[in-house]
Amino acid sequence: MSKGSLPDDARKAFVQGRRRFVCRINQGAFQMSFSMPLYGIAEVIEGIEAAGWVLDQVAWTEDRRDHPSAMCVFRRADLPPPGYFAGPQYAAQSQPPQAAPAAGSFPVPPSWGQPQSR
């Protein structure tokens, strides 16, 4: 990683073709109360998402001074989410397409939007 900001690193990872971007985002060193917005973390997440990523998973921890820290896993916004090709309609396919589909052109499973039988 570079010495730049996390959104800059996220843009570089996106251009390099990475499928995941994982980072730790620290809140900062100011007095925390029980309930308050985490502006610094929210702004960093927004910057990373603007670079083409979607927040997929997050785990929270605190440092020795009780400052919150988020361990974030982002996935590319231009790829289908994990498990997208896991439905029974894809059972005959050996693997999902290797090339990234264009945004908005993901195949829609035939069962979507139809009543479910029980």
Do V58 and V54 share a hydrophobic cluster, counting only Ile, Leu, Val, Met, Phe, Trp and Tyr and linking them when any side-chain heavy atoms are less than 4.5 Å apart? no

Hydrophobic clusters here meaning ILVMFWY residues chained together by side-chain heavy-atom distances under 4.5 Å, can you tell me if W60 and V44 are in one? yes

If only atom types and distance count, is the side chain of R76 paired as donor or acceptor with the main-chain N or O of F14 below 3.5 Å? yes

Do W53 side-chain atoms and F21 backbone N/O form a donor-acceptor pair below 3.5 Å? no

Looking only at non-hydrogen atoms, find the nearest pair between [X] and [Y] and report the distance.
X: N26; Y: S69; answer: OD1-OG, 2.9 Å
X: R11; Y: G47; answer: NH1-O, 4.3 Å
X: L55; Y: I45; answer: CD2-CD1, 4.1 Å

Mind checking side-chain hydrogen bond (donor to acceptor under 3.5 Å, both in side chains) for R75 and listing every partner two or more places apart, or none if nothing turns up? none

Measure the SG-CG distance between C23 and D9 for me, rounded to the nearest 0.5 Å. 9.0 Å

To the nearest 0.5 angstrom, please state how far the CZ atom of R20 sits from the CG atom of D56. 5.5 Å

If you look only at pairs with a residue in residues 39-53, which of them pass as a salt bridge (charged side-chain N to carboxylate O under 4.0 Å, His left out), with sequence neighbours excluded? none

